[in-house]
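Take a look at the structure below.
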Amino acid sequence: MDGFIKIRNLVKEYKLNNGQELLAVNDVSLDIEQGDIYGIMGLSGAGKSTLIRLLNRLEEPTSGEILVRHEVIDKKKKKSLGYENKNILKFNTRLLREYRKKTGMIFQHFNLLNSKNVADNIAFPLQISGWKKRDIKKRVDELLEIVGLSDKKLNYPEQLSGGQKQRVAIARALANNPQLLLSDEATSALDPRTTNSILELLKDINKKFGITIILITHQMEVIKKICNKAAIMSDGQIIEKGETKEIFLNPKTELAKEFVQNISHEEFRTEEEIKSREENNGKLRLSLKYNEEQVNESYITKIIRKYDVEVNILGGFVDKVGDIIVGNLLIEISANEEKAKDIIEWLKENKIDSEVV
Ligand SMILES: Nc1ncnc2c1ncn2[C@@H]1O[C@H](COP(=O)(O)OP(=O)(O)OP(=O)(O)O)[C@@H](O)[C@H]1O
């Protein structure tokens with residue numbers, strides 16, 4: 001499938017006061033498919049905010065390309081630019097305005113207008129876009145319903161909790177029916193429970209309206225909960241990217257390993273594991289990595305039946321990455337060398353990652 005957003009060799013260089021140059025974004029290339037919830041993660045100063053701000057040209061890149069397939073309407077020429085790749089860096093002010101209507105953004109500190117009530121905050125982008133009063137009223141009510149705040153319509157931001165403020169900001173970002181939603185640390189200022197409810201809302205929006213979401217965060221939990229794909233940034237560069245499940249199960253870089261390790265797994269260890277760690281007794285010990293489909297396959301039973309062996313489960317964990325269940329299981333098999341080789345081969349054929357430990 002051709003990418004919905006293609007970032008090519010993107011560079012943002014800042015000139016610092018001491019005359020030095022700093023590459024906040026250094027040769028970043030990334031493909032985002034339509035419908036992705038793409039998480040970008042990294043430590044403070046990695047360049048995440050700069051990258052996301054380049055995607056709607058809140059910052060101008062030094063070089064590179066950002067190709068999008070949004071439908072952008074050229075109102076002046078009364079025609080659509082279609083769904084072909086368009087380089088947003090070539091857009092003039094008029095087209096950039098149209099592109100931004102289709103690219104919502106939410107921020108860590110919500111950026112609401114304190115002098116306006118909830119309904120007027122949400123109505124604001126619609127007024128700028130020249131919607132009729134009656135249509136605005138209808139759309140605002142729809143949006144309030146989507147974010148679950150119909151009863152707070154006339155409240156002012158200062159009368160709302162952090163989570164509610166972020167809901168208003170989400171409603172405002174959705175006002176013009178965007179195709180892309182950019183989220184800059186949208187849950188970083190919220191407590192864990194509120195974070196979860198906002199993440200659920202983002203996931204719903206992605207599913208219901210097919211809106212592609214790019215979010216940046218420094219929390220692996222956020223990536224794990226809602227992103228189907230993720231990239232890890234360090235010193236302005238993407239050092240690892242792919243399906244979240246893959247990064248989670250097979251982190252390649254030290255930084256990714258650190259992020260994955262720091263999040264909680266529903267871990268369990270059995271008495272047997274502790275015992276047999278001390279004495280392996282020549283038994284084959286395997287660490288298996290599997291996903292949801294394979295869980296349902298009950299491959300352990302299959303191994304026992306097919307190879308007539310005894311299998312002990314020593315420990316493991318299951319976890320949820322987005323909607324996918326992934327797991328890791330440590331097993332011990334009583335089998336001679338030949339059978340052991342066959343079993344490892346069989347696991348490979350069935351696409352279950354195994355490692356002798
Ligand atoms: N306007 C600017 N002028 C000069 N340097 C900047 C500017 N904006 C960002 N930087 C620098 O660029 C680098 C990347 O910053 P950025 O804010 O993109 O990182 P980040 O990953 O979002 O960090 P955080 O998680 O702390 O927000 C940092 O070294 C930062 O100091």
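Read the numbers this way: they start at 1 and go in the same order the structure lists the ligands and their atoms. Values below: every heavy atom of this structure, side chains too, minus hydrogens, waters and symmetry copies.
- With contacts defined as side-chain heavy-atom distances shorter than 4.5 Å, the pair Leu43/His218 does not qualify.
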Worksheet item: After noting the C-alpha distance and the side-chain angles of Lys153 and Asp141, does the key distance pass the salt bridge (Lys or Arg N to Asp or Glu O under 4.0 Å) rule?
Response: CA-CA 8 Å; Lys153 193 172 167 174; Asp141 284 342; 2.9 Å; yes

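- Pocket lining of ligand 1, defined as residues with a non-hydrogen atom under 4.0 Å away: Tyr14, Leu16, Leu22, Ala24, Leu43, Ser44, Gly45, Ala46, Gly47, Lys48, Ser49, Thr50.
- No side-chain N or O of Asn176 forms a donor-acceptor pair with one of Lys102 less than 3.5 Å apart.
- Ion pairing between Glu13 and Lys15 holds under the 4.0 Å rule for side-chain N and carboxylate O.
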- Could you go step by step and tell me if Lys6 and Asp31 meet the salt bridge (Lys or Arg N to Asp or Glu O under 4.0 Å) rule? CA-CA 5 Å; Lys6 291 193 252 186; Asp31 280 65; 5.5 Å; no

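- The distance from the CD atom of Glu33 to the CZ atom of Phe4 is 10.5 Å, given to the nearest 0.5 Å.
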